[in-house]
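Written below as structure tokens is the structure these notes are about.
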Amino acid sequence: MLNTSGSDTVTTYSTHIRNTHMKLKQSINKTIQQAFEKANISEIPMSVSEATKPEFGDYQFNGAMALSKKLGKNPREIASNIIENLDLTGVLSKAEIAGPGFINLWLNSEWIASQCEVAEQDERLNVQSKENPVKVVVDYSGPNMAKQMHVGHLRSTIIGDTLANLLTFLGDEVIRQNHIGDWGTQFGMLIAYLEEMDEDGSVSLKDLEQFYKNAKGRFDADETFADKAREYVVKIQSGDTHCLELWQKFIDISLGHCEEVYDKLGVKLTRKDVRAESFYNDALAHVVSDLQTKGILQESNGAQCVFLEGDDVPVIVQKGDGGYLYATTDLAALRYRAKELGAKRISYVVDARQSGHFKQVFRVAKEAGFVPEDVKLEHIAFGTMMDKGGKPFKTRDGGTVKLIDLLDEAVEKAKDTIKDKEGYSEEEIKALAKIIGIGAVKYADLAINRESNYIFNWDKMLSFEGNTSLYMQYAYARIQSIFRRFDGEIKGNIIIGDTLEHRLAVMLLRFEDVLDRAAEDASPNQITTYLYELATLFMRFYEQNPILKEGVDEAMKMSRLQLADLTAKTIKQGLDILGIQVVDRL
RNA sequence: GCGCUUGUGGCUCAAUUGGAUAGAGCAUCAGACUUCGGAUCUGAGGGUUAGAGGUUCGAGUCCUCUCAGGCGUACCA
């Protein structure tokens, strides 16, 4: 069984719906909309965006320039017309025209204070659970059973897990799918070798790479063995009991290795999420015959193909020798997910190099009617992990880096950075190193725009400075230490006393909009960027605004304690979605 | 060859999807402390966003071309 080590609280939040709930941007947009109506401008206003600088207020509205041509008026004139009709007694407190026609908007401090109070009291931090949840399939990780997981699987596994966590938190019905590679010609060789090894009792699948190499060695050296291997491929595909048993044994052990990695990573995939390639085996022939019936299948050089308009390479669904391919399985999986699982959004978290493949397969699936038109198919593509020299990440002798080794090394390195800490037992250091090391690996990956390649760097990853998990975990722990020192009951209202408090409060309220946007774009780095800005802002706030120090007004102390608490809870929730744990003491 | 993709201070990354003077961290230099956790904070220098055109009120972002890298290019997954 998988132990998901502590971050499995995401799905347990209450899902009650607040009908009155309005998101931050929505509230501001609504105020703008009302000004439009009062000013008799019939256009639909574009959305406000966050101000790029503090001098420009909290939010800005850039629609006046865009409207200028349509209305035949000077943009500043339009802007001033909007401002004249703007309600500055509720959400907003101030509006100014700037530059060619920007409208800078300041939020009302009392209003944001009251909103923060609501969030502080709410276990969901006032993030609404979707009123119309959608069934989403997130396909990620997808390891090959013939080999151990290597660094190439890291990004798919953690980006996919984050996306699944995020959508779950926002209220969607998420179906995690681990499309493992457990089928194909290589398994004939592997189970034939497993059978041989079994006989003399020396079976060891501890190192799958080695096992694969040995099997390959036998295959290349011994004709009899090679024939047997080929024969076994046919046998498992036709349901031979003995071969299937061997195969099942092999898959079980191999999957066990993956689960060890998932466990270490704190990724929520379990056996029930596995829908292997073999699962679709029986559907493959139907996929081909259905394409035939639809009249979009063509034979070319002996292979069964679908030619798409505008593409010069066809999608091959059946080889000349009758075998099926990757694309065939994917089509079967798409159909299963749309028809059987009822998914309205299907997200594939797979390496960017396969974008051509997915573009084609998605088109075929829609043209063949395997997937209804209204189902959103997306390839969540990501870049490759590189070494310091900008080359694909490899071991010193050029082999692939096993994921388990990378994770163990991260924990070891984390241990090195904290081993001299006083007041911790060896056990505590061990537990802490795990949280820090794994968090660092995940955060460093998720913090980067998923579409670009990124350079793997231990030092940067395990630094306390900059946009790292450690900085975030430190910020969290620092706030917890405030509450260890504070003895009493937190009561009273949140009071926005100065600019930094104001900015911190606005930042806290942005959380929901950030999550929405991150979910829409499937970009975890929008969450990390936000969390980093939040943590930085809090540090500055805390530097300047004492909380427990002598001479702080009682009402102010209570207010700041609440802001600190909400900051900590937001960091914790954000990291939880990323699958990263926090600790009270660091 | 064709297709996809990337190019942002010395390095690693951002940039709210077309908005204002392109922001952070590292590194460098200069400050703050009898620390509510200095694993912190404040400040400085460092950019013609690969290059050239174009589109428009406005371009790192869109279009065209050039240069440089990465990837893909029918019976692997």
Side-chain angles (χ1 to χ4, degrees), chain A residues 25 47-53 55-56 59-60 62 65-66 68-69 74-75 98-102 104 142 144 146 181 183-186 277 300-305 307 310-321 323-327 329-330 351-357 359 381 383-384 386 388 390-392 417-418 421 444 447-449 451-455 457 459-460 463-468 470-471 473-475 477-482 484-486 510 513-514 517 521 525-526 528-530 532-533 536 539-540 542-544 546-550 552 557 560 564 585-586:
Chain A
K25 260 192 196 177
S47 176
V48 294
S49 55
E50 288 88 25
T52 49
K53 290 179 186 190
E55 310 92 89
F56 296 156
Y59 278 77
Q60 58 175 290
N62 307 323
M65 277 97 70
S68 155
K69 194 175 267 180
N74 169 323
F102 295 99
N104 293 336
N144 189 328
W183 213 235
T185 51
Q186 54 200 336
E277 283 178 356
S300 174
N301 296 329
Q304 297 299 321
C305 309
F307 284 87
D311 282 356
D312 32 326
V313 285
V315 180
I316 302 178
V317 293
Q318 190 169 19
K319 297 194 279 188
D321 67 4
Y324 302 105
L325 293 120
Y326 185 36
T329 313
D330 268 338
D351 195 299
R353 283 173 290 200
Q354 295 192 32
S355 62
H357 164 78
K359 219 176 264 175
T384 314
M386 306 295 207
K388 272 184 186 162
K391 297 264 184 275
T417 68
I418 57 168
K421 292 291 270 187
I448 284 161
N449 182 329
E451 296 190 60
S452 47
N453 294 344
Y454 81 103
I455 300 196
N457 182 334
D459 297 336
K460 192 187 150 202
S463 164
F464 283 95
E465 291 164 331
N467 189 7
T468 63
L470 259 177
Y471 181 86
Q473 287 164 330
Y474 173 71
R478 202 176 171 189
I479 296 172
Q480 296 316 304
S481 93
I482 300 172
R484 272 196 296 278
R485 295 172 52 97
F486 172 70
R510 280 182 48 201
D513 284 331
V514 168
R517 175 82 179 273
D521 298 349
N525 78 309
Q526 292 184 23
T528 59
T529 301
Y530 167 79
Y532 180 59
E533 280 173 13
T536 309
M539 292 288 197
R540 293 177 60 190
Y542 190 44
E543 198 81 13
Q544 193 171 306
I547 297 180
L548 297 182
K549 276 187 180 167
E550 213 52 38
V552 180
K557 184 205 273 184
R560 288 174 184 167
R585 285 176 64 224
L586 196 57

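Quick note on labels: first sequence line is chain A, next is B, and so on, each numbered from 1. Values below: all heavy atoms of this structure, side chains included; hydrogens, waters and symmetry mates excluded.
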Once you round it to whole Å, what is the distance between [atom2] of [N] and [atom1] of [X]?
{"X": "Met386(A)", "N": "G70(B)", "atom1": "CE", "atom2": "P", "value": "9 Å"}
{"X": "Leu470(A)", "N": "C26(B)", "atom1": "CG", "atom2": "P", "value": "14 Å"}
{"X": "Arg540(A)", "N": "G25(B)", "atom1": "CZ", "atom2": "C1'", "value": "15 Å"}
{"X": "Gln60(A)", "N": "U21(B)", "atom1": "CD", "atom2": "P", "value": "12 Å"}
{"X": "Glu550(A)", "N": "C36(B)", "atom1": "CD", "atom2": "P", "value": "12 Å"}
{"X": "Asp351(A)", "N": "G72(B)", "atom1": "CG", "atom2": "C1'", "value": "11 Å"}
{"X": "Asn453(A)", "N": "A68(B)", "atom1": "CG", "atom2": "P", "value": "20 Å"}
{"X": "Asn457(A)", "N": "A27(B)", "atom1": "CG", "atom2": "P", "value": "12 Å"}

Inset, instruction - For the pair Ser463(A) (side chain) and Asp459(A) (backbone), establish whether a donor and an acceptor sit closer than 3.5 Å, ignoring hydrogens and angles. - result: no

Inset, instruction - Return yes if some donor-acceptor pair links the side-chain N/O of Thr529(A) with the main-chain N/O of Gln526(A) below 3.5 Å, else return no. - result: no

What is the nucleic acid contact for [X], judged by heavy atoms within less than 4.0 Å: base, sugar-phosphate only, or nothing?
{"X": "Tyr532(A)", "result": "sugar-phosphate"}
{"X": "Gly320(A)", "result": "base"}
{"X": "Ser300(A)", "result": "base"}
{"X": "Ser481(A)", "result": "base"}
{"X": "Arg484(A)", "result": "base"}
{"X": "Ala352(A)", "result": "nothing"}
{"X": "Lys25(A)", "result": "sugar-phosphate"}
{"X": "Asn467(A)", "result": "nothing"}
{"X": "Gln354(A)", "result": "base"}
{"X": "Ala477(A)", "result": "base"}

Given the [atom1] atoms of [N] and [M], what is the spacing between them in whole Å?
{"N": "C71(B)", "M": "G25(B)", "atom1": "P", "result": "33 Å"}
{"N": "C62(B)", "M": "U55(B)", "atom1": "C1'", "result": "8 Å"}
{"N": "U5(B)", "M": "U42(B)", "atom1": "C1'", "result": "41 Å"}
{"N": "A50(B)", "M": "U56(B)", "atom1": "P", "result": "23 Å"}
{"N": "A59(B)", "M": "U21(B)", "atom1": "C1'", "result": "16 Å"}
{"N": "A44(B)", "M": "C63(B)", "atom1": "C1'", "result": "40 Å"}
{"N": "A27(B)", "M": "A22(B)", "atom1": "P", "result": "25 Å"}
{"N": "C41(B)", "M": "C36(B)", "atom1": "C1'", "result": "14 Å"}

Inset, instruction - Return yes if the base of C41(B) and the side-chain atoms of Tyr542(A) contain a donor-acceptor N/O pair under 3.5 Å, otherwise no. - result: no

Listed pairs, N/O of protein and of nucleotides 55-64 of chain B, under 3.5 Å:
residue, atom, partner, partner atom, Å
C57(B), OP1, Lys69(A), NZ, 2.9

Can you identify which nucleotide, out of [options], has its nearest atom closest to the [X] side chain?
{"X": "Arg353(A)", "options": "A77(B), A14(B), G72(B)", "answer": "G72(B)"}
{"X": "Pro546(A)", "options": "A20(B), C13(B), C36(B)", "answer": "C36(B)"}
{"X": "Lys460(A)", "options": "A14(B), U12(B), C36(B)", "answer": "U12(B)"}
{"X": "Thr52(A)", "options": "C36(B), A20(B), C41(B)", "answer": "A20(B)"}
{"X": "Glu465(A)", "options": "A15(B), C26(B), G19(B)", "answer": "C26(B)"}
{"X": "Tyr326(A)", "options": "C75(B), A77(B), A20(B)", "answer": "A77(B)"}
{"X": "Leu325(A)", "options": "G70(B), C76(B), A20(B)", "answer": "C76(B)"}
{"X": "Lys53(A)", "options": "G37(B), A14(B), G23(B)", "answer": "G23(B)"}
{"X": "Asn449(A)", "options": "C75(B), A15(B), U40(B)", "answer": "A15(B)"}
{"X": "Asn104(A)", "options": "G19(B), G37(B), A20(B)", "answer": "A20(B)"}

Legend entry - Phosphate contact (C36(B) OP1 or OP2) by Lys549(A) side-chain N/O below 4.0 Å: yes

Legend entry - Phosphate OP1/OP2 of C26(B): any Tyr471(A) side-chain N/O under 4.0 Å: no

Legend entry - ring centroid sep under 5.5 Å plus plane angle under 30, Phe56(A) with A20(B): yes

Legend entry - Residues Tyr542(A), Ile479(A); criterion side chain to side chain contact (heavy atoms under 4.5 Å, CB included); working and verdict: CA-CA 10 Å; Tyr542(A) 190 44; Ile479(A) 296 172; over 6 Å; no

Do you know the tightest heavy-atom contact between [X] and [Y]?
{"X": "Phe307(A)", "Y": "Pro314(A)", "result": "CE2-CB, 3.5 Å"}
{"X": "Leu586(A)", "Y": "Gln473(A)", "result": "CD2-C, 3.9 Å"}
{"X": "Asn453(A)", "Y": "Thr384(A)", "result": "OD1-N, 2.7 Å"}

Inset, instruction - Take Arg560(A) and Val552(A) through the side chain to side chain contact (heavy atoms under 4.5 Å, CB included) test and state the conclusion after the steps. - result: CA-CA 10 Å; Arg560(A) 288 174 184 167; Val552(A) 180; 4.1 Å; yes

What nitrogen or oxygen pairs link the protein and nucleotides 2-10 of chain B at under 3.5 Å?
none

Inset, instruction - Treat a base pair as Watson-Crick or G-U wobble with both distances under 3.5 Å, then lay out RNA chain B in dot-bracket form, 5' to 3', with | for cross-strand pairs. - result: (((((((..((((.....[...)))).(((((.......))))).....(((((..]....))))))))))))....

